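Structure record follows, encoded as structure tokens.
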Amino acid sequence: MSDKLTFTPVIGIEIHIQLKTKSKIFCSCSADYTNDEPNSHICPVCMGLPGSMPVLNRAVVRQGMLAGMALNCKVQPTTLFFRKSYYYPDLPKNYQITQSDLPIAADGWLEIKDDAGKPKTIRINRLHLEEDVGKLHHSTSDGRLEGAETSWVDYNRSGLPLAEIVSEPDVSSSREAVEFVTMLRRRVRYSGASDVDLEKGMMRFDANVSVKCSDGRWGRRVEVKNMNSFRALEHAIEYEIKRQSEILAEGGEVLQETRHWNDAKGVTSGTRVKEFYRKFIVEPDLPPLVVSPEWVEEVRATLPEMPADKASRYVKEMGLTETDAAVLTDSLDVARYFEACVAAGANPVRAGNWVRTEVLRAVNEKHVDADALAVKPESLAELILRVEDGKLSTTLARQVFDAMLEGLSLEEAVKKSGAVEGGMGGSALGDLVRATLAANPDVVEEIRSGKDAKGKKVKFLQGLVMREAKGQARPDEVASAIEESLKPE
Ligand code: ADP
Ligand code: MG
Ligand code: ZN
């Protein structure tokens, strides 16, 4: 019987994102402690000392609104903070302050493609603000609590501003999950609400997975915690779908539980510990948060055009391919660089080719944003125009670009590349053209007898001459020298 059963996964994703602010959510401790000593950015508030009072950081609210807007959420005019009580060493005050289900933003959505390539909407239940907790370090080699002789706790992370984003259970596969979080990450990064740097732990995932069996049985949802990369999210979901399907196939029952993803072993395991008793009470030390419509509109005005809108504009208005448009819009700094290059007069398709190859290569090699490159988009536009005018070959232009990357001006770089201002010119070029034509009598014959309507064969000869000239000839002079020589004697 079992080989006739099919299983449909139902998946909801919870995403924690560290919002980008100078200070923590309820105190003035610095939010940037990279490489600093443990417990060097703490105060009575984020340590949870009795008598300390939280004060909400306005910048966190703004960033939360921006992230919510980037996810098509509606900003909620009034919200409250709660105390979510639980007991653990990473949380000295024994409760976490969170907006929980009275969030700053709600009812959003993103459109992805389903596994068949059709558009599909993933609804976003809410985005709520909360504080991060401390970080435990254990003396074991794999960093796990089990078997640790000593454990330390670092409260630098306590009170960092987080946005928790909760999707509706609209995701149906691990691939959809990865596409959803990839798109979500890109949009949040565009909004400026977070750097969403996965390596720095600024984006973490939990997945709620259940499986529906074709015979009508539907397992309870299992919450898998502790994924901090796209790959971990993908593998954890796949693992859970398989595990739950096998249980249902054998006639068993899937129990509702929280499981932990072990990245090293590639498995999920029951946490054994019973879910902590969680109780919510209204946070008495924080007044309700009221966001005025004026503030919402002011924040909305700073939201840049989103990547999918940019990409379809590049396709419709500039004639780029969908693939190129997607590459160019992956991050805002690169998209802005491209747009500035076009605004400075470069042909969009040529500019797109330059940006997605040479500019992206430079950005990756130098680990900087595109706007920090020594080559400004206006200079690249000028370079592209020179190639278009035939004053520089593409090969030479690449050398010029590389020299500009090291800080030379366009003129200096052109000089350094050895490109002769006036081209090769004179008899040297004439000799080269004659030799090339003589070596390709068949091609010459075909052109002369009118069999090259599309000009492909002439292009072929030009390419040969350019290559022989080793960058010393200008494309336009080569073209006219060949044209001259091809005229019937
Ligand atoms: P809780 O308050 O226990 O966290 P929620 O209703 O907020 O419960 O849901 C938490 C997550 O579980 C959401 O991402 C949601 O999409 C997901 N979810 C709800 N029902 C299911 C289900 N049947 N299968 C898988 N995920 C589900
Ligand atoms: Mg939850
Ligand atoms: Zn503090």
Side-chain angles (χ1 to χ4, degrees), residues 7-16 21-33 36 39-49 51-57 60 71 82 84 86 91-93 96-103 106-110 121-128 130-134 154-161 164-174 176-177 180-181 184 204-213 217-225 227 233 236-237 240-241 244-245 248 254-259 275-280:
F7 301 96
T8 310
V10 177
I11 305 160
I13 302 175
E14 293 171 66
I15 302 142
H16 284 92
T21 54
K22 288 201 185 69
S23 47
K24 294 183 177 181
I25 183 167
F26 299 122
C27 63
S28 54
C29 290
S30 168
D32 181 12
Y33 57 84
D36 288 349
N39 297 310
S40 58
H41 292 285
I42 55 175
C43 74
V45 174
C46 54
M47 285 293 288
L49 297 190
S52 62
M53 292 282 271
V55 177
L56 179 60
N57 177 353
V60 173
L71 306 176
F82 298 88
K84 175 169 155 186
Y86 70 95
L91 186 69
K93 59 181 188 282
Q96 179 193 26
I97 304 179
T98 170
Q99 288 182 317
S100 186
D101 39 17
L102 265 184
D107 295 330
W109 54 270
L110 288 186
T121 300
I122 307 294
R123 291 166 302 156
I124 293 166
N125 176 284
R126 66 175 185 266
L127 176 151
H128 67 254
E130 60 188 30
E131 60 179 339
D132 208 345
V133 298
D154 176 7
Y155 293 114
N156 279 349
R157 204 175 71 180
S158 288
L160 282 189
E164 178 176 338
I165 300 157
V166 182
S167 90
E168 297 291 350
D170 294 341
V171 175
S172 313
S173 70
S174 60
E176 283 187 15
F180 173 66
V181 296
L184 184 144
R204 304 175 322 241
F205 313 100
D206 302 331
N208 292 271
V209 181
S210 67
V211 169
K212 256 184 189 169
C213 183
R217 285 177 301 145
W218 189 356
R220 306 294 295 278
R221 82 178 147 96
V222 170
E223 182 165 9
V224 190
K225 293 204 168 283
M227 287 84 81
L233 176 69
I237 290 175
E240 262 317 292
I241 294 173
Q244 296 180 23
S245 304
L248 292 175
V254 178
L255 301 176
Q256 182 155 352
E257 63 172 336
T258 300
R259 295 176 73 87
E275 258 290 91
F276 296 106
Y277 174 61
R278 283 183 177 159
K279 188 178 151 206
F280 287 86

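Remember, it's a predicted structure, so these values are computed and weren't measured experimentally. Residue indices begin at 1 and follow the sequence shown. Counting starts at 1 for both ligands and their atoms, in listed order.
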Polar contact flag for Ser210 and ligand 1 (N/O pairs, less than 3.5 Å): yes
Contacts of Asp154 that satisfy salt bridge (charged side-chain N to carboxylate O under 4.0 Å, His left out) - sequence neighbours left out: none
Set of residues satisfying salt bridge (charged side-chain N to carboxylate O under 4.0 Å, His left out) with respect to Arg220, sequence neighbours excluded: none
Spacing of Met227 atom CE and Asp206 atom CG [to the nearest 0.5 Å]: 6.0 Å
Residue-atom pairs from the protein, N, O or S only, that lie under 2.8 Å from the Zn ion (ligand 3): Cys27 SG, Cys29 SG, Cys43 SG, Cys46 SG
Electrostatic pair Arg259-Glu223, nearest N-O below 4.0 angstrom: no
Distance, nearest 0.5 Å, that separates SG of Cys29 from CE of Met47: 10.0 Å
Under 4.0 Å to a heavy atom of Trp218 - the qualifying atoms of ligand 1, by number: 23 (N)
Residue Glu168 vicinity, atoms of ligand 1 by number, heavy atom under 4.0 Å: 16 (O)
Part of Arg221 within contact of ligand 1 (heavy atoms, under 4.0 Å): side chain
Interfacing atoms of ligand 1 (cut-off 4.0 Å, heavy-atom, Val166): 13 (C), 14 (O)
Residue list, salt bridge (charged side-chain N to carboxylate O under 4.0 Å, His left out) with Glu168, at least two apart or on another chain: none
Option with minimal heavy-atom separation from atom 7 (O) of ligand 1, where the choices are Gln256, Glu14, Arg126, Arg220: Arg126
Residue portion contacting ligand 1 (non-hydrogen atoms closer than 4.0 Å) for Val10: both
Salt-bridge present (Asp132, Arg204; N to O < 4.0 Å): yes
Mutual orientation of the aromatic rings belonging to Tyr33 and His41 [parallel < 30°, tilted 30-60°, perpendicular > 60°]: tilted
Option among Val209, Asn208, Val10 that satisfies the side-chain contact (heavy atoms from CB on, under 4.5 Å) test with Arg221: Asn208
Part of Ile13 with heavy atoms under 4.0 Å of ligand 1, whether side chain, backbone, both or neither: backbone
Glu14-His16 side chain donor-acceptor pair, cut-off 3.5 Å: no
Polar proximity ligand 1 side, Ile11 side, N/O cut 3.5 Å exclusive: no
Ligand-side contact atoms (ligand 1) for residue partner Gly12, heavy atom cut-off under 4.0 Å: 14 (O), 16 (O), 26 (N)
Side chain to side chain contact (heavy atoms under 4.5 Å, CB included) evaluation trace for Leu233 with Phe180: CA-CA 11 Å; Leu233 176 69; Phe180 173 66; over 6 Å; no
